[in-house]
Amino acid sequence: MAQSASKNRNLARRRLIGGLGIAVALACAMIGAVCLLIILGFVIVQGAGALNRDFLTQLPHPVGVPGGGVGNGILGTFIILGIATAMAVPIGLLTGIYLSLFGRGPIPEALRFLSDVLSGVPSIAIGLFAYAVLVAPLKHFSAFSASFAFMMLMLPLLVRTSEQAIRSVPQTVREGALALGMSNFRATVRIVLPTARPAIITALLLAIARVIGETAPLLFTAFGSQFWETNPNNPMAVLALQVFTYAISPYPNWQAQAWAGALLLIGAVFVLSLGARLMLRRAMRGLEA
Amino acid sequence: MENAGPQFRRVARFVSPADRGFAAIVYAGSILFALLIVGLFVELVLGSWPSIVKFGPGFIFSSSWDPITSKFGALPMIFGTVMTSLIAIVLAAFIGIMAAVFLADFAPRWLGQPLSFLIELLAAVPSVVYGLWGLFVLSPFMRTTLGPALQHVLGWTPLFSGPILGVGLLTGGIILALMILPTVTAISRDVIAAIPRDLREASMALGSTKWETAMKVVLPAARVGIFGACVLALGRALGETIAVTMVIGNRPEISSSLFAPSYTLASVIANEFTEATTSIYISALIELGLILFLVSMVVNALARLMIWSVRGSERV
Amino acid sequence: MIRSLRRCCFSLAVVAAMTLPAAAATQLTGAGSSFDYPFFSKAFYVYNQKNPDVTVNYQSIGSGGGIAQFSARNVDFGATDVPMNAGELTRAPGTVLQIPVTLGGAAIAYNLPGVTTMHLTRQVLADIYLGKILKWNDPQIAKLNKGVNLPDMSIVVVHRSDGSGTSYIFTDFLSHVSADWKSKVGTGKSVSWPAPSSVGAKGTEGVAGQVKSTPGAIGYVEMAYVVENNMTAVLLQNKAGKWVACTPDTVAAAAASKPEVSATNFSIVDSAAAGAYPISGYSWVVVYKKPTDRAKELYDVLSWLVGPQGQANAKSVDYVPLPRNVQEAAAATLRQMQR
């Protein structure tokens with residue numbers, strides 16, 4: 001009897017600790033969410049006033065001339081991100097495939113190590129690298145060099161997650177393909193990759209979210225512009241760069257536009273993440289079937 | 001989700017020219033990836049060579065940063081970078097992992113999904129917005145409320161003594177923690193959720209409470225993935241530039257107080273590179289970038305060593 | 001996989017299609033000083049409206065960046081707060097012409113609750129930045145502000161953490177008024193600030209933000225900023241003994257007191273003129289005597305910029321137009337361009 005009473009006391013104490021632990025964990029989750037809401041609220045209060053159709057479609061106006069917008073920055077962001085993605089996805093995917101197939105050994109380990117190191121290099125150093133490779137020799141700034149810098153920023157995330165995604169495809173799927181006589185590489189490309197596609201796309205969207213707000217590498221690569229530009233060989237306006245330039249200027253209407261631009265950037269990532277989740281949910285359903 | 005790695009070595013066969021061609025493309029992609037990173041390192045070394053030659057290893061241990069007399073030393077900046085990143089990862093790891101445990105195992109769907117989403121959105125906020133918010137909201141808050149409160153409770157330690165300006169190491173660390181929190185939380189949550197259900201059920205069948213299961217069974221099982229998340233997050237913290245430079249006070253000085261202004265390697269480069277005109281100045285700044293690259297390498301190497309010693313041959 | 005390959009090829013094709021030759025308009029590029037950026041953005045906008053086939057793309061990447069890009073011939077002209085020195089001129093691949101394009105001043109903003117006017121002499125200001133005067137109720141400050149209730153607060157000295165022309169003008173001024181500053185610190189865009197309480201902030205916005213949110217802070221900000229944001233600024237006693245605020249008129253008076261300004265003799269700080277503001281300076285544009293192309297368009301834009309029509313845009317963005325004689329000297333220098 002005494003034993004079971006003390007066991008009950010013990011259980012009650014463990015349950016209490018458990019309850020406290022869950023409360024702490026909940027608080028931690030709430031901290032993150034609340035901080036985001038505070039920051040978002042601040043940005044909205046400062047910038048919502050400047051968001052209108054003109055802002056989205058017009059070229060920047062100088063100080064003192066009302067109106068104007070970041071239309072060219074939005075276009076430039078699309079173009080530069082598009083080219084960066086077109087370069088980062090093949091390299092990242094191929095490296096991920098290599099790592100997933102030849103997992104052990106010094107060379108794959110070295111590649112993984114290099115990838116982790118790259119993720120820690122400051123974006124400004126990568127911008128300098130892009131400058132040294134693509135701007136200085138060609139003697140002019142270009143959107144392409146900015147895409148190169150963005151590609152380097154996106155690669156570590158893509159390499160790591162595509163390797164994980166390929167490895168987490170169930171063994172049965174791969175073995176089925178092999179049993180049908182496929183070679184390993186064909187099995188990977190035709191069967192395993194499409195199954196891993198949703199996770200890879202999520203990684204891609206995360207990588208885009210990572211670079212869309214980067215300013216430092218753009219200073220010596222895309223250079224910026226006040227005009228419409230579609231040629232990636234020329235300097236181009238980028239939204240993140242405009243936000244930065246306006247935000248640290250002394251003029252209130254430029255500052256409001258900076259906040260509105262920041263709101264656009266956050267909104268873009270919001271939409272992309274939402275899209276990623278929906279895609280992932282649909283793919284999960286597909287796998288279960 | 002078995003680890004499919006080792007088996008393929010034995011099974012990989014190149015049965016046709018098409019496969020050989022594809023294998024070649026895969027190798028080419030990986031080699032290109034490696035070349036890019038090596039190229040980055042080489043460029044950094046080339047750019048900092050004049051400074052390396054002139055200042056030698058003393059650069060790392062010297063404390064002065066005087067562009068007028070061309071006397072450059074990186075020690076205060078290394079200190080600032082390491083301290084802010086340390087504060088950031090300690091805060092973000094605790095809050096992030098706790099939050100991940102909650103979101104993966106305890107949160108009902110109606111609460112878990114929106115909370116996850118909000119935390120991930122922290123990653124979408126541009127760096128300059130963090131910097132401005134830090135300058136206009138966080139640092140006054142630190143100066144008027146949080147700082148004095150901490151000093152009241154912990155002021156007897158040298159860490160929390162000294163004048164509170166609002167900007168400083170602690171504010172920089174907090175901003176960084178917010179910026180890397182989504183990385184830690186999202187990846188940890190995914191890793192924890194992927195732990196097979198039978199492990200949890202076995203633990204509870206043996207009489208553990210849900211919380212004990214989470215702390216003593218699930219978390220250790222997810223240790224490797226969570227660690228990887230922290231390493232990624234730490235990398236981001238080391239290299240963050242613009243947000244930190246706006247709230248750290250930019251004073252190249254080593255101080256024992258967390259409230260004191262400081263300076264980081266990335267901030268110096270961002271602040272002074274565009275205006276640097278003499279070649280030795282530019283070289284010194286690029287050498288700071290090289291040091292940052294090397295710090296990132298050392299941190300990653302240490303992390304891997306730790307993981308290998310703990311888990312034996314398990315790959316990170 | 002085939003589908004994604006097709007998608008890849010498609011996007012590559014789109015990229016290729018976009019690299020078609022640009023429109024017929026001429027685009028000139030300039031880079032450099034962020035101090036000039038607001039003035040340039042207004043002036044070049046107005047110029048483009050009058051001359052629709054010429055566009056000028058100016059980006060503020062900093063004076064050092066501007067000189068570097070100009071020397072590498074990546075841009076048509078550079079803009080810098082400090083003219084290129086002899087070393088930089090020899091490194092440039094051609095003869096360089098340097099012309100002043102605008103004027104500005106650095107106001108001293110401060111944050112002291114309840115104190116709406118503050119008088120400081122040049123020496124006291126220098127001592128504050130040297131770290132010799134540490135509190136607001138120091139007798140040296142109290143002596144200048146009789147009747148003002150100065151609180152017992154530490155002075156937090158704020159400066160620019162990024163290299164900037166405004167820092168150059170300010171340190172140049174401090175070197176002129178204090179031998180101590182000149183020997184210990186010197187003049188430059190980035191210096192080693194000696195005051196124990198100094199805090200660096202990025203950009204003018206950073207300094208202004210820091211001053212606004214820290215009671216007891218003092219910092220130097222561009223005149224445009226103080227005007228646009230209604231900040232309280234210090235009244236300085238200039239060399240002639242008069243108390244002046246930083247306004248377009250006082251800055252213009254400082255410029256007018258040195259009509260023979262040139263790229264080798266450009267400092268106008270600590271002027272002895274009666275109504276002059278002591279912390280003022282020019283900003284410069286550098287261009288090649290023999291540009292590789294578009295020389296005529298370049299000459300037209302720059303001579304318009306330093307002429308009365310271009311300079312008329314300065315006031316609307318809180319910048320100070322060049323004095324008449326300086327405009328003419330600049331125009332004469334430009335005429336040396338081979339176009």
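Within every chain, numbering begins at 1; the chains are lettered A, B, ... in the order of the sequence lines, protein sequences first and strands thereafter.
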Query raised in the report: From C:T214 OG1 over to B:I164 CD1, what is the distance, rounded to the nearest 0.5 angstrom?
Result: 12.5 Å

Requested in this report: Pick one of side chain, backbone, both or neither for C:R160, based on which atoms fall under 4.5 Å of a heavy atom in chain B.
Outcome: neither

Query raised in the report: Would you find a donor on one side and an acceptor on the other, under 3.5 Å apart, between the side chain of B:R251 and the backbone of C:S198?
Result: yes

Query raised in the report: Going through the distances and angles, do C:V199 and B:V167 end up as a side chain to side chain contact (heavy atoms under 4.5 Å, CB included)?
Result: CA-CA 8 Å; C:V199 164; B:V167 293; 3.9 Å; yes

Query - Interface residue of largest heavy-atom contact number with chain B, from C:G32, C:G200, C:A217, under 4.5 Å - result: C:G200

**Report entry** Shortest non-hydrogen contact from C:S213 toward B:L135
**Finding:** OG-O, 4.1 Å

Query raised in the report: Given that the side chain runs from C-beta out, which part of B:I242 has a heavy atom under 4.5 Å from chain C: side chain, backbone, both or neither?
Result: neither

Report summary line: If you tally heavy-atom pairs under 4.5 Å between each of C:R91, C:M84, C:Q210 and chain B, the highest tally belongs to C:Q210

Query raised in the report: Side chain, backbone, both or neither: which part of C:A201 has a heavy atom under 4.5 Å from chain B?
Result: backbone

Query raised in the report: How about residues 166-196 of chain C versus chain B: which residues have heavy atoms under 4.5 Å apart?
Result: C:V185, C:T187, C:G188, C:K189, C:S190, C:V191, C:S192, C:P196

Query raised in the report: Quick one: are B:R143 and C:P215 in side-chain contact, heavy atoms under 4.5 Å?
Result: yes

